[in-house]
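Step one of this worksheet: look at the structure below.
Note: hydrogens, waters and symmetry copies are ignored here, and every other heavy atom, side chains too, is used. We name chains A, B, ... by the order of the sequence lines, and we start the count at 1 in each one.
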Number of protein chains: 2
Amino acid sequence: MIELDRFSFQDMKRIAIQGELGSFHDIAAHEYFKGEQLQIICCETFEDVFHSVDNDPTVIAMMAIENTIAGSLLHNYELLRMSGTTVVGEHKLHIQHCICCLPDDDWDTVNEVHSHPVALMQCRNFLTAHSSLKAVEAEDTAGAAQYIAEHQLHGQAAICSSAAAKMYGMKILEDSIEDNKHNFTRFLVACNPQKASFVRRLEESDKASLVFSLPHQEGSLSKILTILSFYDINLTKIQSLPIIGHEWEYLFYVDVTYDNLTRYRQSIDAITPLVKGIKILGEYKEAK
Amino acid sequence: MIELDRFSFQDMKRIAIQGELGSFHDIAAHEYFKGEQLQIICCETFEDVFHSVDNDPTVIAMMAIENTIAGSLLHNYELLRMSGTTVVGEHKLHIQHCICCLPDDDWDTVNEVHSHPVALMQCRNFLTAHSSLKAVEAEDTAGAAQYIAEHQLHGQAAICSSAAAKMYGMKILEDSIEDNKHNFTRFLVACNPQKASFVRRLEESDKASLVFSLPHQEGSLSKILTILSFYDINLTKIQSLPIIGHEWEYLFYVDVTYDNLTRYRQSIDAITPLVKGIKILGEYKEAK
């Protein structure tokens, strides 16, 4: 039975994402698992993505965690921290938005543009320059294009990836309409810890995501970072967050990279007695 | 002339904000400068807020910098870093949103809800539970209410502060519709460095915001934090950001608190040779 389970798991990966087919999550999943057979499970919310993994331990979650423009997605960090999943990979995706409409619509016939609020924000200059277009929120970038195509909504445009526009038979009015061309989103791949070894080889890992809390005390963070440096562990990200209701305590989300898995594990053992609760969110291979 | 300038500056403060009267920026400005006569300069964008200060050195900028739900406003950090202003104060505001409409409209007659994208995101559960309401983006929370009131737009609701709803004669359908009740926004007060002494007494400062860059090298951050701890300087926030185009370098935005201004200044002198460019964004009194 175990062998069969293992086989079916490896044969066809089932990836839960927030959003529709053609969304940036879908694109990221196909880039990350290039050449593999995927079944994408489209969820309405990030909570639903984690529920999918809870309900079926063979499901893998793929979710955005930070963006060069919008910053860290704190809500997703929180969901990840509270979930029973472990991070097994990361992927970085260059985000490009296009504006698209039904094939028989055009610039002079569209008056509304629908998209996810973050995508609308990332195209603010474009929207300001096209002030006759009313910006309407949608749950998802690709979902907005799909909805317009399915319901043949003349006069409405969507902001989404050009892949999604093509997928739903929409006409691209203009591509690369995002304000900042250095718009990258980092995605994390997470799964049930029991299944982690099917998705990544731990011995090839060179990066880890940690979260720990520290009392607000002079030098407490410097001690932790000093110990990590003694063990030749590199920091690639650090972010402090106040803990709501605990005014003098902070959560630290830290990403580290390492050459030597054993050395990294020893460094975690060395800092554990000095922090108030540490959770390894996952160990994985760094994305280039 | 100088005395007259000083007098007029103290007599009536001119505060540039992003948004309209009644917006959270307006509320934050009036809470921070309680009891003082204020003239609010409403700007469309945060860029315009800094332009106001550039054009008239007596103007003071007030801008949101982070939110407990949405995280750091990276764009505003960047604007602040590139600006010639200095931070002279901070304010923390509890954010509560209401939904409001024209007095003769009601739940059964409204079908659209307009607001700033961040406000819409902060009321996501409410919007999901009221899926018949179409969420439409606006430049500003209070501006959405103002627009509906001025143009007597029946069928449209706005999400804004209850103060804005009242200011524009709107009827509050429901108050406190934000998902998370621990929704706080931190605002910074910034002005021309020449005018800083008119706004805050440096000797009363106990907090500073810094930004510096470091090469990606094992232990470089730990050295900086260790030195700060030797000088009894507390960290209240740290956030790393990759520098676009410089793959191995990071910017660190750090907030520190101190009891002794001289000691703090000495600590800055001590870390300066070890960082690659440091900028003191400002020294000010911590908000409680």
Side-chain angles (χ1 to χ4, degrees), chain A residues 44-45 66-75 77 112-118 120-121 124 127-128 134-139 179-180 182 184 214 216-242 244-245 250 252 254-255 257, chain B residues 44-45 66-75 77 112-118 120-121 124 127-128 134-139 179-180 182 184 214 216-242 244-245 250 252 254-255 257:
Chain A
E44 267 195 31
T45 65
E66 61 181 316
N67 173 271
T68 43
I69 318 295
S72 293
L73 304 177
L74 299 186
H75 183 61
Y77 265 110
E112 279 190 5
V113 56
H114 295 239
S115 196
H116 188 275
V118 171
L120 293 172
M121 271 199 280
R124 186 138 293 239
L127 292 172
T128 304
K134 183 170 171 177
V136 181
E137 291 212 354
E139 289 293 312
D179 296 346
N180 190 320
H182 291 282
F184 287 85
L214 277 177
H216 177 73
Q217 204 175 293
E218 283 148 21
S220 49
L221 180 62
S222 78
K223 289 178 192 167
I224 305 303
L225 300 191
T226 300
I227 292 175
L228 292 177
S229 82
F230 287 163
Y231 280 83
D232 301 326
I233 306 298
N234 274 312
L235 242 75
T236 64
K237 174 174 178 158
I238 181 164
Q239 167 147 26
S240 66
L241 286 183
I244 291 164
Y250 294 85
F252 293 90
V254 170
D255 286 345
T257 58
Chain B
E44 268 196 29
T45 65
E66 62 181 315
N67 174 271
T68 44
I69 317 295
S72 294
L73 304 177
L74 300 185
H75 182 60
Y77 265 111
E112 280 191 3
V113 56
H114 295 238
S115 196
H116 189 273
V118 171
L120 293 171
M121 272 200 277
R124 186 135 294 236
L127 292 172
T128 305
K134 183 169 172 178
V136 181
E137 290 213 354
E139 290 292 312
D179 297 348
N180 190 322
H182 292 281
F184 286 85
L214 277 176
H216 177 72
Q217 203 175 294
E218 283 148 21
S220 50
L221 179 62
S222 78
K223 287 179 195 166
I224 305 303
L225 299 192
T226 301
I227 293 175
L228 292 179
S229 81
F230 287 162
Y231 280 84
D232 302 325
I233 307 298
N234 274 311
L235 242 73
T236 64
K237 173 171 180 162
I238 181 164
Q239 166 146 27
S240 66
L241 287 182
I244 292 165
Y250 294 85
F252 293 90
V254 169
D255 287 344
T257 57

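Contact check for A:R124 versus B:H75: no side-chain heavy atoms found under the 4.5 Å cut-off.
B:T45 pairs by the side-chain hydrogen bond (donor to acceptor under 3.5 Å, both in side chains) definition with B:D48, not counting sequence neighbours. Residues passing the side-chain hydrogen bond (donor to acceptor under 3.5 Å, both in side chains) test with A:K237, sequence neighbours excluded: A:E66, A:S72, A:Y77.
In this structure, the portion of A:F252 lying under 4.5 Å from any heavy atom of chain B is its side chain and not its backbone. In this structure, chain A has no heavy atom under 4.5 Å from any part of B:E44.
Of the inter-residue distances, the one linking B:I233 atom CD1 with A:S222 atom OG reads 12.0 Å to the nearest 0.5 angstrom. Atom CD1 of residue A:I224 and atom CG of residue B:L225 lie 11.5 Å apart, to the nearest 0.5 angstrom.
The shortest heavy-atom contact between B:A135 and A:V136 is O-CG1, 3.4 Å.
Looking only at heavy-atom pairs under 4.5 Å with chain B, the residue among A:A138, A:G71, A:P117 that has the most is A:P117. Residue with the most contacts toward chain A among B:I238, B:T226, B:N180, B:L241: B:I238 (heavy-atom pairs, distance under 4.5 Å).
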